[in-house]
Amino acid sequence: MAAAVSGFAVLQFAGACAAVDSRGSSGAEGMRLLAVAAKAAGTSTQSGTRSGFVETKWGPLSAADRDLLVKVRQAGLWEIPVGREAAERAVRAKTKEMLGGMADQHVVLDRDVRRVAARLRVPLPDVPSEAQQGFMAEISSKSGLDYDRTAVLRLRLAHGGVFPAIAQVRATTRNTLMRDFAERAATFVNRHMDMLEATGLVTADALPEAPEVESAPDVIARGQRLPRVPSVADLPAPDGTGPGSESEPLPSTGQGLVEAPGGPLSPADRDLLVRARQAGLWENPVGIRASRQAARDKIRNHLGEIGRQHIALDTDVRRVAARLRVPLPDKPTRQQLGFIAEIFGQRGESFDRTAVKRLRVAHGGVFPAIAQVRATTQNKHVRDFAERAAKFVNDHMDFLEGTGLVTEDALPPVPEVQSAPDVIPAGENLPSVPPAVNVIGVFPTEFGPLSAADRDLLVKVRQAGLWEIPVGREAARRAARAKTREMLGEMARQHEQLDADVTSVAARLRVPLPDEPSALQQGFIKEIFGKRGVSFDKTAVKRLRLAHGGVFPAIAQVRATTRNTLIRDFSERAAKFVNDHMDMLEATGLVTASAIPPAPVVNSAPAPVPSGRPAPSAPPATSVISTNG
C-alpha cells in the first residue's frame with residue numbers, strides 16, 4: 001500500500017487506553033484532565049530513559065516496544081475495575097454486558113502482557129496513571145444513565161487513542177515477540193471498540209479527532225453520474241519497459257465531514273479508500289510478476305498470494321466507495337510507478353529483495369493509518385472496511401516477514417517516546433508483577449469464566465489417562481480373555497486421543513496439568529500388574545469401571561454448570577468417551593456389583609407395583625392440560 005501516508009497526524013502514545021479529550025469534561029476540569037493525560041503519556045512510572053534498542057534473543061527491543069508493554073499493563077489496571085463496576089452499576093443491560101465482558105477480556109490480556117514483559121525483562125507498573133485514576137473517580141461519581149455514558153465515553157476515547165499506537169509498533173518493531181503481542185493486543189482493542197459501539201452510547205465526542213489529510217476526493221452528489229471504476233484484475237499490468245502515466249488528481253474542494261449512508265464521512269475516511277485502491281493498482285502487478293519471476297520459491301508463493309488477495313481487497317474498496325459515492329483513481333501514483341519500474345528492472349535475488357523491501361515499507365506505512373481511521377471514523381461502512389483492510393495488511397506483513405528478507409531498512413522508523421522502562425539485566429531479580437486483578441475461584445478468560453470445578457475436571461481427565469493408558473496397553477498384551485484384551489486395548493487408544501484433547505484445552509486456558517498419576521492411581525496400577533490370569537482381567541475391569549463410574553457424574557455436573565464455552569464443549573467430548581468406556585467394560589462380562597459405585601441417595605421414590613396387579617398407566621405429557629388455579 002502507499003509507502004508514506006502523508007498528512008496523517010504523527011501518532012503519539014498518549015497513554016494506553018488513557019486517551020483523554022476535553023470534550024468529555026467542561027471548562028477548566030477538562031483542560032486539567034487533558035494536561036494530566038499528557039503528563040501521564042510522557043512520564044514512565046519506571047526509572048526509564050529514552051534509551052534506544054536493547055538486544056534480545058527475539059530481536060532488538062525498542063523504547064516504543066517497551067513503552068507499549070507498560071501502557072497495555074496500565075490499561076488493565078483501570079479498565080478492569082471500571083468494567084466490573086459497570087457490570088453491577090450500569091443502568092442499561094447492554095452496558096453491563098459489554099463493559100463486564102471487556103473487563104474479563106482485559107484479565108486475559110493482562111496475563112499476556114505480564115508473560116511477554118517477563119520474557120523480555122521489562123518492569124511493569126502496579127498502579128494506574130494519575131490520569132487513569134482521574135477517569136475512575138469521574139466515572140464512579142456518576143449515577144443513572146450519566147454513569148453509562150461517561151464510562152463508555154472514557155473507554156472509547158482510550159481505546160481509540162491506543163489502537164493506532166499498537167498498529168505502529170506492529171508495523172515498526174524488529175522484535176518477533178513484540179510483533180506477535182502487538183497483533184494479539186490489536187485484536188483485543190478492536191473487539192473492545194466493537195463492544196463499546198454496541199452499547200449505542202458512542203457519540204462523536206467519544207471518538208478521537210479524525211486525522212488531517214492533505215487532500216481527499218469530494219463525494220459525488222446524488223443525481224450526478226458515478227464514474228465506473230474497473231477492477232484491478234481488468235487493468236493491464238505495467239510491463240518492464242515503461243510503467244506508464246500516473247494517476248490524475250481527483251477533484252477536491254477540501255470539504256470536511258459529509259453526510260453519507262452509515263454516518264458522517266471525513267476526509268481521512270475518503271482518503272483511506274483512495275489509498276486502498278491505489279495499493280492494489282501497483283501491488284497486484286508486482287505480486288503477479290513476482291509469482292513468475294522471483295528467484296526463491298517462498299517469494300513466488302508469498303508475493304503471488306499478496307497479489308491475488310489485493311484483487312479481493314480491490315473488489316471490497318470499489319463496492320464501499322460506490323455506496324458512499326467516493327470516486328477512485330485508475331492508476332498508481334508517480335511514486336508507486338517508480339516502485340514498479342525499480343522492481344521490474346531487477347533480476348534474481350535483487351528482484352526478490354527489492355520487491356520485499358518496497359512492499360514491506362508500504363504496508364508498514366499504511367497500517368497505523370488504517371488503525372487511526374478505524375478508531376476515529378463516524379461512518380459504519382468505513383469502520384467495517386477499515387477492520388477488513390487491517391486484517392489484509394497485517395496478513396501481508398506476515399507473508400513478507402515469512403520470506404526471511406525483511407531487513408531493518410524495510411521497516412518504517414520506530415516512533416519516538418518520551419520515556420520507556422529500561423530492561424532489567426540478566427542476573428538481576430525481575431520484580432514480581434501481580435495480576436491486574438486477583439480473582440479467587442473463578443478466572444475470567446476469553447471463552448468465559450473458568451471455575452475451580454472446570455479446572456479440576458481438566459486435571460482429573462489428564463490423570464485418568466496417565467494410569468488407564470498403561471493399564472489398557474498391559475491388558476491388551478496380558479489379559480486372559482480375548483474380550484478383555486480387545487476392549488481394554490481399545491480404551492487405551494481412545495485415552496490417547498482424549499489426552500491430546502485435554503492438553504490442548506488446558507494450554508488454551510493456561511491450566512497446568514500433572515505429569516504422573518496420583519498416589520491412589522499408582523496403587524491401582526501396582527495392584528493390577530501384580531495379578532495373573534483371570535484375576536488380572538477381573539481386577540483391571542473392576543478398577544477401571546469404578547473409576548469411570550465415579551468421574552462420569554462429575555463430567556455431567558461440569559457440563560451442566562460451566563459458563564466457559566471451551567470447557568462446555570470439552571466436557572461433552574469427555575462424557576462420550578467415558579460412556580463408551582463403560583459400555584466396553586460391561587461388554588467384557590466381568591462387571592459385577594463391586595465394580596459399580598453406590599447408587600445415589602434420594603429422599604423419596606415410588607415403589608414399583610407388585611406383579612399380578614395392573615401396571616399403572618400415565619397419559620402422554622402432551623395430553624396433560626394445565627389449569628390456572
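We're numbering straight along the sequence, starting at 1.
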Requested in this report: Check for a donor-acceptor pair, side chain of Thr403 on one end and backbone N or O of Leu400 on the other, with a separation under 3.5 Å.
Outcome: yes

Query raised in the report: Can you name the nearest heavy-atom pair linking Pro164 to Ala371, along with the distance?
Result: CA-CB, 3.8 Å

Query raised in the report: Looking at side-chain heavy atoms only, is the closest gap between Leu61 and Glu55 below 4.5 Å?
Result: no

Query raised in the report: So, for Lys94 and Thr199, which heavy atoms are closest and what is the spacing to 0.1 Å?
Result: CG-CA, 4.0 Å

Query raised in the report: Where the side chain of Gln521 meets the backbone of Ser518, is there a donor-acceptor pair that is under 3.5 Å apart?
Result: yes

Query - Salt bridge Arg184-Asp180, side-chain N to carboxylate O under 4.0 Å - result: no

Query raised in the report: How would you list, by chain and number, every residue that makes a ring-ring contact (aromatic ring centres under 6.0 Å, His included) with His581, sequence neighbours excluded?
Result: His495, His548

Query raised in the report: Does a side-chain N-to-carboxylate-O contact under 4.0 Å join Asp110 and Arg114?
Result: yes

Query - Working for salt bridge (Lys or Arg N to Asp or Glu O under 4.0 Å), residues Arg170 and Asp398 - result: CA-CA 11 Å; Arg170 168 61 185 92; Asp398 286 341; 2.9 Å; yes

Query raised in the report: Roughly how far, to the nearest 0.5 Å, is the CD atom of Gln463 from the CG atom of Leu520?
Result: 10.0 Å

Enumerate, atom names and distances included, each donor-acceptor pair closer than 3.5 Å involving a side-chain atom of residues 501-513, sequence neighbours excluded.
unit_1: Asp501; atom_1: OD1; unit_2: Arg573; atom_2: NH2; d: 3.0
unit_1: Asp501; atom_1: OD2; unit_2: Arg573; atom_2: NE; d: 2.7
unit_1: Asp501; atom_1: OD2; unit_2: Arg573; atom_2: NH2; d: 3.4
unit_1: Thr503; atom_1: OG1; unit_2: Asp499; atom_2: O; d: 2.9
unit_1: Thr503; atom_1: OG1; unit_2: Ala500; atom_2: O; d: 2.9

Query raised in the report: Would the number of heavy atoms belonging to other residues, nucleotides or ligands and lying under 6.0 Å from CD of Gln557 be above 12?
Result: no

Report task. Indicate yes or no: does Arg473 engage Glu496 in a salt bridge with an N to O separation below 4.0 Å. Result -> yes

Query - Flag, side chain of Thr173 to backbone of Val169, donor-acceptor distance under 3.5 Å - result: no

**Report entry** Residues Arg191, Asp194: salt bridge by 4.0 Å N-O rule
**Finding:** no

Query raised in the report: Is any NZ, NE, NH1 or NH2 atom of the basic residue among Glu88 and Lys96 found under 4.0 Å from an Asp or Glu carboxylate oxygen of the other?
Result: no

Query raised in the report: Are Phe570 and Leu458 side-chain neighbours, meaning at least one heavy-atom pair lies under 4.5 Å?
Result: yes

Query - Reference residue Met584; test side chain to side chain contact (heavy atoms under 4.5 Å, CB included); the match among Arg545, Lys483, Glu490, Glu486 - result: Glu490

Report task. Indicate yes or no: does Asp454 engage Arg563 in a salt bridge with an N to O separation below 4.0 Å. Result -> no

Report task. Go through the side-chain N and O atoms of Glu387 and Asn190 and say whether any donor and acceptor fall under 3.5 Å apart. Result -> yes

Report task. Find out whether Glu79 and Leu155 are in side-chain contact, i.e. whether some heavy atom of one side chain is under 4.5 Å from a heavy atom of the other. Result -> yes

Requested in this report: State whether the number of non-hydrogen atoms from other residues, nucleotides or ligands found under 6.0 Å of Arg478 atom CZ is greater than 12.
Outcome: yes

Query raised in the report: Looking at Ile306, Leu359, Leu313, which hits side chain to side chain contact (heavy atoms under 4.5 Å, CB included) with His396?
Result: Ile306

